[in-house]
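One structure below.
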Amino acid sequence: MELNLKGKTALVAASSQGLGKAIAKALLQEGANVMLASRDEGKLKEVKSELENLGGEVEFIRADVTSENDIKNMVKAAAERFGGIDILVNNAGGPPSGSFETLSDEEWFQSFELNLLSYVRNIREALPYLKKNGGKIINIASSSIKEPIPGLVLSNTFRTGIVGLSKTLAQEFAPYGILVNTLAPGRIDTDRVKHLDQVNGEKAGVSPEEMKEKSEKSIPLNRYGTPEEFAKVAVFLASDANSYMTGSSFLVDGGMVKSI
């Protein structure tokens, strides 16, 4: 299968760790050039050093995706460094856990900026570059787009909004040859999931390890996925191998979500 990613440019948001880092690594291994971005400049420097010489070229820029100016600078830097943008991977850290009754307006607004408005702004800024040759937009969401997760009302709300955005833009951008898809992780073994296991374990009066074991039993494959497994699907969607799938949502969850 020809992926034809060599020489393509990808901008990957929130790529200093976790799923974003795994996607950036996988794209580089296929020969793509990658602009890393996150709020932590120290981690970005470490990741750039780790991922150099994998295939494509890698650069980084510090950017807070809740800042409109940072987003503009991030997109401009990627386009100037590599001569354009072919692939946009929208990603952001998860919002805080909590029930409806415990969350304030401030937390709702912060989560909206982080987990939905940042995607809108990233797409708006990158669109002129993506339109030139047709491009790929991959919006990272969560398995909560199919089945709400208890205690994560903020994520459940704004991740579902990402699906509506992706579906709408897939229709609007189709004349430009731009494909837009949503990629939703289930229980992938990242720091975010470790944190949630700790929080849920404290509520249940068990250790994070016991909480993980309980969670794994709810997954048909009986284990958490790896960031590398998730990244493989992202790379496929970003590549020329995907030429006819747009406006769709894809779960990478080991069969955890039971809905059709």
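Leu179 and Leu11 are not part of a single hydrophobic cluster, where members link through side-chain heavy atoms under 4.5 Å apart.
With hydrogens and angles disregarded, no donor-acceptor distance shorter than 3.5 Å links the side chain of Ser155 to the backbone of Leu152. Checking side-chain atoms of Ser49 against main-chain N and O of Lys45 turns up no donor-acceptor pair under 3.5 Å. In terms of modelled atom types and a separation under 3.5 Å, the side chain of Glu125 and the main chain of Asn122 share no donor-acceptor contact. Side-chain atoms of Ser144 never come within 3.5 Å of backbone atoms of Glu147 as a donor-acceptor pair (strictly under, hydrogens ignored). Side chain of Lys43 to backbone of Glu41: no donor-acceptor contact under 3.5 angstrom is found.
You'll find the side chain of Lys136 stays beyond 4.5 Å of the side chain of Leu237, heavy atoms only. The shortest distance between side-chain heavy atoms of Phe230 and Thr190 does not fall below 4.5 Å. Under the 4.5 Å side-chain criterion, counting only non-hydrogen atoms from C-beta, Ile162 is not in contact with Phe158. Counting heavy atoms from C-beta on, the side chains of Ile137 and Asn139 come closer than 4.5 Å. Within the 4.5 Å cutoff, the side chain of Val153 has heavy atoms near those of the Leu103 side chain. A heavy-atom distance below 4.5 Å is not found between the side chains of Asn33 and Lys8.
No side-chain N or O of Tyr224 forms a donor-acceptor pair with one of Asp253 less than 3.5 Å apart. Asn69 and Ser67 share no donor-acceptor pair across their side chains, judged by distance under 3.5 Å alone.
When all heavy atoms of Pro95 and Arg159 are compared, the pair lying nearest together is CD-NH2, 4.0 Å. Shown here for Met74 and Ala37, the closest heavy-atom pair between the two residues is SD-CB, 3.4 Å. Across all non-hydrogen atoms, the minimal contact from Ser38 to Ser16 is OG-OG, 3.2 Å. Pro150 approaches Pro148 most closely through the heavy-atom pair CD-O, 3.7 Å. Shown here for Leu44 and Leu36, the closest heavy-atom pair between the two residues is CD2-CB, 3.9 Å.
Here OG of Ser97 is found 9.0 Å from CG of Leu154. Values are rounded to the nearest 0.5 Å. Here the straight-line distance linking atom CD of Glu210 with atom CG of Asn200 works out to 13.5 Å at 0.5 Å rounding. With values rounded to the nearest 0.5 angstrom, Leu183 atom CG is found 11.5 Å from Ser248 atom OG. Note that the CG atom of Asp240 and the CG atom of Leu5 stand 7.0 Å from one another [nearest 0.5 Å].
Checked for salt-bridge contact, Arg81 and Glu57 meet the test: a charged N lies under 4.0 Å from a carboxylate O. A salt bridge between Arg62 and Asp70 is present, with a side-chain N of the basic residue lying under 4.0 Å from a carboxylate O of the acidic one. Look at Lys194 and Asp189 and you find a salt bridge, because one of the NZ, NE, NH1 or NH2 atoms lies within 4.0 Å of a carboxylate O, short of that distance.
Enclosure of atom CD in Glu172 by more than 12 non-hydrogen atoms of other residues, nucleotides or ligands within 6.0 angstrom is indicated. The environment of Lys203 atom NZ is dense: over 12 non-hydrogen atoms of other residues, nucleotides or ligands sit within 6.0 angstrom.
Cation-pi geometry between Lys48 and Phe60 is not met at under 6.0 angstrom from the ring centre and within 45 degrees of the axis.
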Could you list the donor-acceptor pairs under 3.5 angstrom formed by side chains in residues 113-121, with sequence neighbours left out?
{"from": "Asn115", "atom 1": "ND2", "to": "Gly93", "atom 2": "O", "distance (Å)": "2.9"}
{"from": "Ser118", "atom 1": "OG", "to": "Leu114", "atom 2": "O", "distance (Å)": "2.6"}
{"from": "Tyr119", "atom 1": "OH", "to": "Asn90", "atom 2": "O", "distance (Å)": "3.4"}
{"from": "Tyr119", "atom 1": "OH", "to": "Ile140", "atom 2": "O", "distance (Å)": "2.6"}

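Exactly one residue among Glu229, Glu213, Glu216 makes a salt bridge (charged side-chain N to carboxylate O under 4.0 Å, His left out) with Arg223. That residue is Glu229.
Taking Ile, Leu, Val, Met, Phe, Trp and Tyr as members and joining any whose side-chain heavy atoms lie under 4.5 Å apart, directly or through other members, the hydrophobic cluster of Met211 also contains Val206.
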